[in-house]
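Whatever order the structure lists them in is the order used to number ligands and atoms, beginning at 1. Only this structure's heavy atoms are used, side chains among them; waters, hydrogens and symmetry mates stay out.
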Amino acid sequence: MTTKAFVIGHPIAHSRSPLIHGSWLEAHGIDGSYEAIDVAPSALPAFFDRLRGGEFAGGNVTIPHKEAVFALCDAVDALAGRIGAVNTLVVEDGRVRGTNTDYLGFLGNLDAGAPGWAEGLDAALVLGAGGAARAVIVALQSRDIPVILLNRTRGTADRLAGELGGEITVGTLDDANDAAPRAGLVVNTTAVGMHGTRFEGFDLARLRPGTLVTDIVYTPLETPLLAEARARGLRTVDGLGMLLHQAVPGFEAWFGTRPAVTAALRRRLEESL
Ligand code: NAP
């Protein structure tokens with residue numbers, strides 16, 4: 001019987017997940033399918049009934065459902081609970097379990113793109129305090145890295161730091177130049193960088209040589225932040241690998257094979273941007 005998986009969102013046409021999982025299904029010769037399904041918020045409970053009926057092995061959850069599915073899952077693991085969002089569902093014996101693989105995607109991307117990046121790292125400068133920042137900070141804390149969290153809206157960063165606990169220093173984006181020399185890693189988790197937008201006033205000359213700069217925005221692949229960092233001779237890792245690496249654990253759970261993030265798959269994805 002064909003094993004079926006999905007990604008649900010609203011809208012969903014933009015999703016690149018079918019390309020990723022479809023490529024792996026093909027490469028491994030698995031009798032499986034992975035489809036994008038548009039599910040409106042009001043239709044989520046009915047979709048979960050379908051899941052419990054055994055039609056799918058599981059799937060991914062994207063905007064705007066990552067928080068709403070919490071209440072509908074039969075179990076949510078501790079990691080997803082801490083991050084406050086579910087992006088992966090696994091159906092077993094009529095029960096739906098929710099987890100979050102964004103943090104593994106973030107770590108897998110840096111491990112592949114900048115091996116040894118966490119060794120001796122004194123602090124990470126995280127720009128942004130939205131949903132993606134939560135997964136990034138939990139990931140950094142899993143490697144015992146102190147975080148300097150800067151956000152346009154200070155109150156949002158204060159709330160996030162309070163919820164997550166641990167070693168997090170909070171400020172606004174105006175503090176970026178002061179904080180820059182104290183961090184060996186810079187992570188942009190804000191929407192800045194999409195459509196060529198840039199951080200006004202953040203002087204990358206303030207960063208130490210050898211600092212690693214990464215952006216989770218991947219449209220464009222090289223954001224203005226990454227372009228400037230590269231021009232200054234700093235190490236950079238783009239955000240496309242995070243999307244690829246977050247997909248690995250889900251595929252393994254549904255189809256029973258651990259897939260590899262290959263250069264060929266990355267090229268296919270780049271061509272689709
Ligand atoms: P979100 O929850 O809406 O958070 C958006 C963040 O961006 C907030 O911190 C917000 O600050 C900040 N922001 C928005 N516009 C800004 C501006 N003009 N100047 C300064 N800060 C601004 O969104 P999200 O889910 O965290 O996603 C953020 C980005 O990450 C998106 O571009 C998304 O596509 C990308 N992403 C990539 C991956 C991947 O796999 N590579 C995974 C997840 C997300 P305020 O609090 O002040 O509004």
Please determine whether the number of non-hydrogen atoms from other residues, nucleotides or ligands lying under 6.0 Å from atom CG of Asp49 exceeds 12.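 Buried by this count: over 12 neighbours within 6.0 Å.
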So for atom CD, which belongs to Glu167, do other residues, nucleotides or ligands contribute more than 12 heavy atoms lying within a distance under 6.0 Å?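 For Glu167, atom CD is not crowded (no more than 12 foreign heavy atoms under 6.0 Å).
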Taking only heavy atoms of the protein into account, state which residues are under 4.0 angstrom from an atom of ligand 1, in chain and number order.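 Residues within 4.0 Å of ligand 1: Gly128, Ala129, Gly130, Gly131, Ala132, Asn151, Arg152, Thr153, Thr156, Leu173, Thr189, Thr190, Ala191, Val192, Met194, Ile216, Val217, Tyr218, Gly239, Met242, Leu243.
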Which of these passes side chain to side chain donor-acceptor pair (under 3.5 Å) with Asn87: Thr62, Thr101, Asn60?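 The single option meeting the side chain to side chain donor-acceptor pair (under 3.5 Å) with Asn87 is Thr101.
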Under a 3.5 Å threshold, yes or no: a donor from one side chain and an acceptor from the other, between Thr190 and Asn188?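 Note: Thr190 and Asn188 side chains meet the donor-acceptor criterion.
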I'd like to check Trp254 versus Tyr34 (side-chain heavy atoms, cut-off strictly below 4.5 Å). Are they in contact?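 In short, these two side chains touch, coming nearer than 4.5 Å.
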Side chain to side chain contact (heavy atoms under 4.5 Å, CB included) between Ile8 and Leu44, intermediate numbers included: CA-CA 9 Å; Ile8 53 168; Leu44 263 184; 3.8 Å; yes
